[in-house]
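Please read the structure below before turning to the comments.
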Amino acid sequence: LIYFAVRLFQVFKGAVMGKSWFYIVPGTLALAAGSCFLLFYYVFDLIAIGHFIATAFQLIGGALILIGFYIQHRSWTRRS
């Protein structure tokens, strides 16, 4: 997921879609980091703060991805 997001960002950088991928790439990084934290939390039975940190990373990542998708949608739709 991270690999393809970074590759697509390199393709769209400097173009119209580059602005949306500026938000999508960090969002996927945060979402993947949150998923890894959550995996470590359940596998290694870490303290409860690990679950909070993982959920916060996933929330931030999801919000950034949604912002990027909204910006991409706005660039595709033209207002008359």
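The figures here come from the full heavy-atom set of this structure, side chains too, leaving out hydrogens, waters and symmetry mates. This one's a predicted model, so the numbers in the text were calculated from it and none came from an experiment.
Counting heavy atoms from C-beta outward, F69 and I24 have side chains that approach closer than 4.5 Å. When side chains are defined from C-beta on, S35 counts as touching Q58, because their heavy atoms get closer than 4.5 Å. Between K13 and F22, the closest side-chain pair of non-hydrogen atoms is not below 4.5 Å.
The hydrophobic cluster containing L64 does not contain F4, counting ILVMFWY residues as joined when their side-chain heavy atoms lie under 4.5 angstrom apart, directly or transitively. By the rule that hydrophobic residues join a cluster once side-chain heavy atoms approach within less than 4.5 Å of another member, Y3 and L29 end up as members of separate clusters. Under the 4.5 Å side-chain heavy-atom criterion for ILVMFWY residues, no single connected hydrophobic cluster contains both V25 and L66. Following chains of ILVMFWY side-chain contacts shorter than 4.5 Å, one can reach V11 starting from V6, so the two form part of one hydrophobic cluster.
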- Give the intermediate values and the outcome of side chain to side chain contact (heavy atoms under 4.5 Å, CB included) for residues I65 and Y23. CA-CA 6 Å; I65 290 172; Y23 291 100; over 6 Å; no

Check your understanding: Would Y42 and H51 count as a side chain to side chain contact (heavy atoms under 4.5 Å, CB included) if you check the C-alpha gap in whole Å, the side-chain angles of each, and the deciding distance to 0.1 Å?
Key -> CA-CA 9 Å; Y42 283 115; H51 190 272; 3.6 Å; yes

| said: Set out, in order, the CA-CA distance, both residues' side-chain angles and the distance that settles side chain to side chain contact (heavy atoms under 4.5 Å, CB included) for W21 and L8, then state yes or no. | reply: CA-CA 8 Å; W21 282 92; L8 283 171; 3.5 Å; yes

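How far CZ of F37 is from CD1 of I49: 12.0 Å, rounded to the nearest 0.5 Å. Taking CD of Q72 as the start and OG1 of T77 as the end, the distance is 11.0 Å to the nearest 0.5 Å.
The minimum heavy-atom distance between G68 and S20, with the atom names listed, is O-CB, 3.1 Å. Nearest heavy-atom pair, L38 versus A54, reported as atom, atom and distance to 0.1 Å: N-CB, 3.6 Å.
Within a 6.0 Å radius of OH in Y41, other residues, nucleotides and ligands contribute more than 12 heavy atoms.
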